[in-house]
Enquirer: 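Here it is: the structure, laid out below.
Below, each value reflects all heavy atoms present in this structure, side chains not excepted, and no hydrogens, waters or symmetry copies. Fair warning: this is a prediction, and the values are worked out from it, not measured in the lab.
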Amino acid sequence: MSDDGFASVWDAIEDTPADAQTMKLRSALMMALDRHIRAKEWTQGEAARRLGVTEPRVADLLRGRITLFSLDDLVALLTAVGLHVEVRVSDAA
């Protein structure tokens with residue numbers, strides 16, 4: 001095992017920098033959606049109705065099952081509840 005430091009857990013466990021970046025983005029979008037659902041105090045049923053998905057899909061989201069959600073899926077879900085997604089691109093450090 002190496003003592004190399006990593007900027008995030010995704011940098012440590014993903015095979016490529018691109019995969020790590022994708023997982024960071026997916027994680028950020030999932031957390032934003034989770035925060036929104038909890039702030040609104042929606043039940044899973046209410047969240048499912050507003051998101052246009054099934055309750056098991058909401059449960060997967062709230063349990064952090066990140067591999068089940070693509071970036072496209074997450075953007076669509078955030079948009080469905082009236083949230084706006086922006087992307088900022090910068091030079092790599």
Enquirer: As an exercise, state the distance from CE of Met31 to CG of Leu74, rounded to the nearest 0.5 Å.
Expert: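 Between atom CE of Met31 and atom CG of Leu74 there are 11.5 Å.
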
Enquirer: What pair of heavy atoms forms the shortest contact from Gln44 to Ala59, and how long is it?
Expert: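 That would be OE1-CB, 3.6 Å.
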
Enquirer: For residues 62-69, dump all side-chain donor-acceptor pairs below 3.5 Å to protein atoms at least two apart in sequence or in another chain.
Expert:
{"from": "Arg65", "atom 1": "NH1", "to": "Asp60", "atom 2": "OD1", "distance (Å)": "3.2"}

Enquirer: Any ring-ring contact (aromatic ring centres under 6.0 Å, His included) involving residues 23-50? Give me the pairs, sequence neighbours left out, ordered by first then second residue.
Expert: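 Listed once each, the pairs are His36-Trp42.
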
Enquirer: Minimum heavy-atom separation for Leu33 and Leu61, please, with both atom names.
Expert: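 Minimum heavy-atom contact is CD2-CD2, 3.6 Å.
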
Enquirer: Quick one: OG1 on Thr43 to CD on Glu55, what's the gap to the nearest 0.5 Å?
Expert: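 Here the interatomic distance stands at 6.5 Å.
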
Enquirer: With a 3.5 Å distance limit and no angle check, can you tell me whether Ser27 reaches the backbone of Met23 through a side-chain donor-acceptor pair?
Expert: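 Absent.
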
Enquirer: Out of curiosity, Arg50 CZ to Leu77 CG, how far, rounded to the nearest 0.5 Å?
Expert: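 Result: 14.5 Å between the selected atoms.
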
Enquirer: Is there side-chain contact between Thr79 and Val75, with at least one heavy-atom pair below 4.5 Å?
Expert: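 In contact.
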
Enquirer: Test of understanding: with side chain to side chain donor-acceptor pair (under 3.5 Å), list the residues that count as partners of Ser70, not counting sequence neighbours.
Expert: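 Checked Ser70 against side chain to side chain donor-acceptor pair (under 3.5 Å); matches are Asp73.
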
Enquirer: Is there side-chain contact between Leu25 and Val87, with heavy atoms separated by less than 4.5 Å?
Expert: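 When only atoms from C-beta onward are counted, Val87 and Leu25 do not touch, as no gap falls below 4.5 Å.
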
Enquirer: Please test Asp19 against Thr16 for side chain to side chain donor-acceptor pair (under 3.5 Å), starting from the C-alpha separation and ending with a verdict.
Expert: CA-CA 5 Å; Asp19 290 342; Thr16 67; 3.2 Å; yes

